[in-house]
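Just so you know, residue 1 is the first one in the sequence shown, and it goes up from there.
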Amino acid sequence: MAVNNPYQTYQQNLVQTLSQEKLVLMLYDGALRFCRQGLVAMEKKDYAGVSNSLGRAQDILSELMATLNRDVGEIAENLYKLYDFMYRHLVQANVKKSATMINEVIDLLQQLRDTWEEATKKYQSHDYRTRVGMNWQG
C-alpha cells in the first residue's frame, strides 16, 4: 500500500473543493509564475529551465483552452483565440529566447487575471436572487 504525500493530498483536496472562479484565478497565477520563472532562467542562460518553465505555462494555457466553453458566444471564442495566441507566442519566445515576447504574454495574462478577479468579486457581491413574487412598494 502506497503512502500519499500529505502535502499532495492537501493540494488535491484544495483544488477539488474550489469554485470554478477560483480555479481559473489559480491557473492564471500559475501561468504568470511560470512565465516569470522562465524570464529568470533566461537571465541566467539556463535554457533548459526556460524551456521547462515556458512549457508549464503552455500546459496551463492548453488547459484553459480545453475547458473553455466556446459555444456560449463571441467572448468565449475571442478568449480562446487569445489563449492560443499566448501559447504560440511562448513557443516562439522559447525558440528565439526572447524576454520581450515572454513579457508580452505576462502583460496579457496579468490583464486577464485582474479582470477575472474583478468580475468574480462583482459576481460574488451581487444578489442574483429573483424578486419575482415579492411585494415591492414604491
Quiz prompt | Check against side chain to side chain contact (heavy atoms under 4.5 Å, CB included), Tyr47 and Lys45 | solution = CA-CA 6 Å; Tyr47 298 120; Lys45 299 198 185 312; 3.7 Å; yes
Practice problem: Could you walk me through whether Leu39 and Ile106 pass side chain to side chain contact (heavy atoms under 4.5 Å, CB included), step by step? | Solution: CA-CA 10 Å; Leu39 283 175; Ile106 288 172; 3.5 Å; yes
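Checking side-chain atoms of Lys22 against main-chain N and O of Ser19 turns up no donor-acceptor pair under 3.5 Å.
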Could you list the donor-acceptor pairs under 3.5 angstrom formed between side-chain atoms of residues 72-87 and any protein atom two or more places apart in sequence or on another chain?
residue	atom	partner	partner atom	Å
Glu77	OE1	Arg70	NE	3.0
Glu77	OE1	Arg70	NH2	3.3
Glu77	OE2	Arg70	NH2	2.8
Asn78	ND2	Glu74	O	3.4
Tyr83	OH	Tyr28	OH	2.6
Asp84	OD1	Arg88	NE	3.3
Asp84	OD2	Arg88	NE	3.0

Considering only distance and modelled atom types, tabulate donor-acceptor pairs under 3.5 Å from the side chains of residues 61-69, sequence neighbours left out.
residue	atom	partner	partner atom	Å
Ser62	OG	Gln58	O	3.1
Thr67	OG1	Glu63	O	2.9
Asn69	OD1	Asp71	N	3.0

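Side-chain contact check for Asn103 versus Thr100: every heavy-atom pair is 4.5 Å or farther apart. In this structure, the side chains of Thr120 and Leu25 stay at 4.5 Å or more apart for every pair of heavy atoms.
Partner of Leu90 under the side-chain contact (heavy atoms from CB on, under 4.5 Å) criterion, out of Ser98, Cys35, Ser53: Cys35 alone.
A distance of 8.0 Å separates CG in Asp29 from CD in Gln110, rounded to the nearest 0.5 Å. Here CG of Asp46 is found 10.0 Å from OG of Ser51. Values are rounded to the nearest 0.5 Å. For the atom pair NE2 (His89) and CD (Glu104), the distance works out to 3.5 Å, reported to the nearest 0.5 Å. Atom NZ of residue Lys96 and atom CE of residue Met101 lie 5.0 Å apart, to the nearest 0.5 angstrom.
Leu109 approaches Ala31 most closely through the heavy-atom pair CD1-CB, 3.8 Å. Nearest approach of Ile60 to Leu27, heavy atoms of both residues: CG2-O, 3.3 Å.
Within a 6.0 Å sphere centred on CZ of Arg113, heavy atoms belonging to other residues, nucleotides or ligands number more than 12.
Between the side chains of Gln111 and Asp107, no donor N or O sits under 3.5 Å from an acceptor N or O.
Note on Leu54: it clusters hydrophobically with Val91, by side-chain heavy-atom contacts below 4.5 Å among ILVMFWY residues.
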